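Worksheet for the structure shown next.
All values reported here derive from a predicted model rather than from experimental measurement. Atoms considered below: every heavy atom in the structure, side chains included; atoms not considered: hydrogens, waters and symmetry mates. Both counts, for ligands and for their atoms, begin at 1 and track the order of listing.
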Amino acid sequence: MDFIFFGMQGSGKGTLGKAVAERYGMQIFETGNELRKLSHEESELGQKVKSIVEAGNLVPNEVVMEIVENFMDSIDPNSPILFDGIPRKVTQAKNLNEVLDKHNREYKAVLLELSEESALKRLTTRRICKTCKAVYPATYTEENCKCGDTLTTRSDDNPEAIKTRLQAFQEETVPAIEMYKDKLITIDGEPSIEDVQTNTFEILDKIMLD
Ligand code: AMP
């Protein structure tokens, strides 16, 4: 069973996705990372993706789907996949579902739900390590990262940029999530990371371990 992970910025989706993938031996397709990898290539496509990502725009669907298909071809077909950061909009959801159907994959969508107010609070108070990119919530009061380096705020974690990202989620991603309503598992993202993880495992164990 594959999972398509949804959650607005600040919901803790990335952290939860990693824990889920580890528990069930899943391969993670992390869209932003895959695109960043491609943008380091000298090829024409690599350079095109680089300029789009640097401008903060969405990479065209055909390119993203090609990367998804290459990823699926590169892994053990029996290994479940956790999709993170895709789909971001309705047209991409349609394309992704076509690819999944073509490969006879079974899938469910998981939505980590959080209020916009909580997301704003988390995003404006979180800090990130300059070196290892670990993210720390406001409750982490040490000056330095566990790796020893300095913590800083992300340049796009200012209130204006955050509002723009949250608005894009509401306007473009929420309608895409709607398309999965028959396959959707909703998880409350408001509690602590530990509690969210425990609740998620309780729900997903029934699907993955039975
Ligand atoms: P992220 O790491 O999710 O913040 O994504 C970084 C950048 O990758 C975004 O600003 C987009 O340029 C691109 N990107 C990530 N996910 C997608 C997607 N599903 N479709 C198109 N472009 C994407």
Side-chain angles (χ1 to χ4, degrees), residues 2-21 27-41 43-72 81-100 103 105 107 109-112 114 116 119-120 122-124 126-136 152-180 189:
D2 298 335
F3 290 137
I4 302 172
F5 253 56
F6 290 106
M8 66 168 70
Q9 287 81 358
S11 64
K13 168 174 69 76
T15 308
L16 184 66
K18 284 191 184 75
V20 165
Q27 300 282 338
I28 301 188
F29 180 83
E30 213 271 88
T31 318
N33 262 355
E34 295 297 327
L35 289 168
R36 272 187 290 276
K37 266 193 243 163
L38 185 62
S39 71
H40 291 130
E41 288 178 13
S43 63
E44 202 178 318
L45 181 63
Q47 294 308 300
K48 186 178 160 196
V49 166
K50 185 173 185 219
S51 60
I52 297 171
V53 170
E54 279 180 357
N57 295 321
L58 284 187
V59 174
N61 282 357
E62 318 83 77
V63 176
V64 180
M65 288 310 143
E66 199 181 317
I67 307 174
V68 170
E69 295 230 38
N70 288 345
F71 176 84
M72 290 172 97
I81 306 173
L82 189 151
F83 290 95
D84 183 357
I86 184 173
R88 288 214 177 179
K89 50 186 181 176
V90 167
T91 53
Q92 218 172 53
K94 287 185 183 149
N95 290 154
L96 178 65
N97 295 350
E98 277 163 21
V99 170
L100 292 172
H103 289 257
R105 311 278 314 186
Y107 54 95
V110 176
L111 169 64
L112 186 53
L114 190 75
E116 206 163 306
L120 254 175
R122 287 190 194 176
L123 291 168
T124 47
R126 73 179 179 181
R127 291 178 302 156
I128 183 167
C129 175
K130 278 184 178 168
T131 309
C132 73
K133 308 291 176 208
V135 179
Y136 293 93
T152 178
T153 49
R154 252 173 67 158
S155 59
D156 56 352
D157 277 350
N158 63 74
E160 272 317 301
I162 290 169
K163 278 196 182 124
T164 308
R165 277 145 67 201
L166 294 181
Q167 192 179 350
F169 181 83
Q170 290 299 345
E171 288 176 3
E172 302 200 79
T173 310
V174 168
I177 298 171
E178 193 48 32
M179 289 175 59
Y180 296 92

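The CG atom of L38 lies 10.0 Å from the CD1 atom of I52; values are rounded to the nearest 0.5 Å.
Remark: the backbone N or O of R127 is not paired with any side-chain donor or acceptor of T153 at under 3.5 angstrom.
Using cut-offs of 30° and 60° for the angle between ring planes, the Y107 and Y180 rings count as perpendicular. Ring-plane geometry between F71 and F29 is classed as perpendicular, the angle between the planes exceeding 60 degrees on a 0 to 90 degree scale with a lower cut at 30.
A side chain to side chain donor-acceptor pair (under 3.5 Å) with Q167 is found for one member of R165, Q170, E171 and no other, namely E171.
By the 4.5 Å heavy-atom criterion applied to side chains, I177 and F169 are counted as neighbours.
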Which protein N or O atoms sit under 3.5 Å from any N or O of ligand 1? Give each pair with its distance.
unit_1: ligand 1; atom_1: 2 (O); unit_2: R36; atom_2: NH1; d: 3.2
unit_1: ligand 1; atom_1: 2 (O); unit_2: R36; atom_2: NH2; d: 3.2
unit_1: ligand 1; atom_1: 3 (O); unit_2: R88; atom_2: NH2; d: 2.6
unit_1: ligand 1; atom_1: 12 (O); unit_2: N57; atom_2: O; d: 2.5
unit_1: ligand 1; atom_1: 19 (N); unit_2: G85; atom_2: O; d: 2.8
unit_1: ligand 1; atom_1: 19 (N); unit_2: Q92; atom_2: OE1; d: 3.0
unit_1: ligand 1; atom_1: 20 (N); unit_2: Q92; atom_2: NE2; d: 2.8
unit_1: ligand 1; atom_1: 22 (N); unit_2: V59; atom_2: N; d: 3.0

